Each structure stands twice: as C-alpha cells, then as structure tokens.
Amino acid sequence: MGWDGMGWDGQRAGRTQGHPATPPRPQGGTVIGSARCQDFRTREGRLRGARNLVKRGITNLCVIGGDGSLTGADTFRAEWGGLLAELLKTGAITAEEAQRSSHLNIVGMVGSIDNDFCGTDMTIGTDSALHRIMEIVDAITTTAQSHQRTFVLEVMGRHCGYLALITALACGADWVFIPESPPEDDWEDHLCRRLTE
C-alpha cells in the first residue's frame, strides 16, 4: 500500500500468495490503492517501516512512483544500514534478523503521468492518462460544436507540459499553455484575435 503500508504493523499488509492483489483494470490510476505517507518523510517513520520489513523477512522492494516515491526509496536505501543498527541497539530486532536483512534490494520504476523522466520514452501511467484526456475531449467536442462555444481544458502534469502538448496535437486545439514555454505578456489579446478568425 505504498510507503504508507510499511508503517501499519501488519494491519493491512500481507502476502499476495503469488497472484495479483487485484485483477488488472482497464481504468487508469493505482491498482493497489497506494497513498503518500507523511510519516515516511521522517526518520521515525522509516525506522518503523524498516522494522516491519525485517520482521516479515522482506529484503526486496519494487518501487513504482514519481519523484516522491523514488526519492523516498533512495533515502531508505542510503539509511538502511543505520536503521538496522538503531533497531538492533533498541532491541526491536534480533542480531539474526539484522544479519538476514543486512542488504535491501530496491528496483525503481517511474510511474508518473508527467512523463518527465530522462531516459525513457514513456513513463508508467502516461498512456492511460492521455487516453482518459482524449475521451474527455471527444465528449466535450460535440457540446462545443453544437453550442458554438469555446472550451478550456486543463490537464495535470505539474511542471511538465507533455500531456497538454500531446493532447493539443491529438485534438487540434487552437491554443495550448505549457510550463516549458510560458505565454508572452499580450497572450490574451492574441488568443481573442485567434478565436474570432
């Protein structure tokens, strides 16, 4: 359940018995209901997470997420030895458990609709996000045409205009704003002129 699941002391974490937690869904978004975890931003939260992993004998993590998840994975990796030493010192784990969990293997996969990770063509989640956006565009295009109205569509993407740019190209938008190329000062007048053409 994301980083949040590592601090639950087993209340909601468990083995999948070799099959997926849920069947794949055609909808976009997280499949297992993971969530951000404020506790994991603190050493105490990471200490609790490390203890729970050690107690369950988990030494391999596959982290799928964006900047926050992957930064958390890197921090966890860097602190792992110190976390184990602290847990051992306080008696939260045994010497045998510390030895068995002395190395934590982490694989990071970029799961972000922003598609802003260097070295990959498309991040996990981008394709389904574009698919959903185009479904919305298709739905509002008919209304816009029948009412002869202009519609403004805002898409997610934080500091990356990939979704907005690709959507604009795919649907033939008259105008697009992206963070990488901020509009000029008189953009409002230019937009109004363009819409009256």
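All values derive from a computational prediction rather than experimental measurement. Because only heavy atoms are used, hydrogens play no part in the values below, and waters and symmetry mates are left out as well, while side chains stay in.
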Donor-acceptor contact below 3.5 Å, side chain Thr71 vs main chain Gly68: no

Is Val137 reachable from Phe177 through a run of hydrophobic residues whose side-chain heavy atoms are each under 4.5 Å from the next? no

Are there more than 12 heavy atoms of other residues, nucleotides or ligands under 6.0 Å from atom CD of Glu184? no

Within a 6.0 Å radius of atom CD on Glu154, are there more than 12 heavy atoms belonging to other residues, nucleotides or ligands? no

Side chains of Thr123 and Thr120, donor plus acceptor under 3.5 Å: no

Ring-plane angle category for Trp175 and His190, please: parallel below 30°, perpendicular beyond 60°, tilted otherwise. tilted

Residues Ser101 and Leu84: closest non-hydrogen pair is O-CD1, 3.2 Å

Locate the shortest heavy-atom distance separating Ile106 from Ala73; write the atom from each residue and the value. CD1-O, 3.6 Å

Shortest non-hydrogen contact from Ile136 to Leu153? CG2-CD1, 4.1 Å

Residues Phe40, Thr75; criterion side chain to side chain contact (heavy atoms under 4.5 Å, CB included); working and verdict: CA-CA 10 Å; Phe40 201 72; Thr75 301; over 6 Å; no

Which residues pass the salt bridge (charged side-chain N to carboxylate O under 4.0 Å, His left out) test with Arg77, sequence neighbours left out? Asp74

Looking only at heavy atoms, the pair that brings Gly125 and Ile113 closest together is O-CG2, 3.5 Å

With rounding to the nearest 0.5 angstrom, report the CD1 to CE distance, Ile166 to Met122. 7.5 Å

So, taking the atom named OG1 in Thr143 and the one named CZ in Arg149, what distance separates them when rounded to the nearest 0.5 Å? 11.5 Å

Under a 4.5 Å side-chain heavy-atom rule over Ile, Leu, Val, Met, Phe, Trp and Tyr, are Met109 and Tyr162 clustered together? no

Should Phe117 and Met156 be counted in the same cluster of Ile, Leu, Val, Met, Phe, Trp and Tyr side chains packed under 4.5 Å apart? no

Decide, yes or no, whether a salt bridge links Glu96 with Arg100 under the criterion of side-chain N to carboxylate O below 4.0 Å. yes

Student check: side-chain heavy atoms of Ile93 and Lys55 closer than 4.5 Å: yes

Tightest non-hydrogen contact, residues Cys160 and Pro179, listed as N-CG, 3.9 Å

Is there a donor-acceptor contact under 3.5 Å from the side chain of Thr90 to the main chain of Leu87? yes

Are Val110 and Leu61 connected, step by step, through hydrophobic side chains (Ile, Leu, Val, Met, Phe, Trp, Tyr) whose heavy atoms are closer than 4.5 Å? yes

Look up atom CZ in Arg48 and atom CZ in Arg43, then write down how far apart they are to the nearest 0.5 Å. 13.0 Å

CD1/Ile178 to OG1/Thr167 distance, rounded to the nearest 0.5 angstrom? 11.5 Å

Under 3.5 Å, side chain of Ser112 to main-chain N/O of Gly65, donor-acceptor pair present? no

Heavy-atom closest pair, residues Arg46 and Glu79: NE-OE1, 2.7 Å

Would you kindly confirm whether Trp187 and Leu165 end up in one hydrophobic cluster when ILVMFWY residues are joined by side chain heavy atoms under 4.5 Å apart? no

Find the distance between CG (Asp127) and CZ (Arg132) and round it off to the nearest 0.5 Å. 9.5 Å

Taking atom CG of Leu163 and atom CG of Asn115, what is their separation to the nearest 0.5 Å? 7.5 Å

With Ile64, the side-chain contact (heavy atoms from CB on, under 4.5 Å) member among Val107, Ile124, Leu70: Ile124

Neighbour count >12 (heavy atoms, 6.0 Å) for atom CG, Asp138: yes

Taking Glu86 first and then Lys89, would you say they form a salt bridge - that is, a charged N and a carboxylate O separated by under 4.0 Å? no

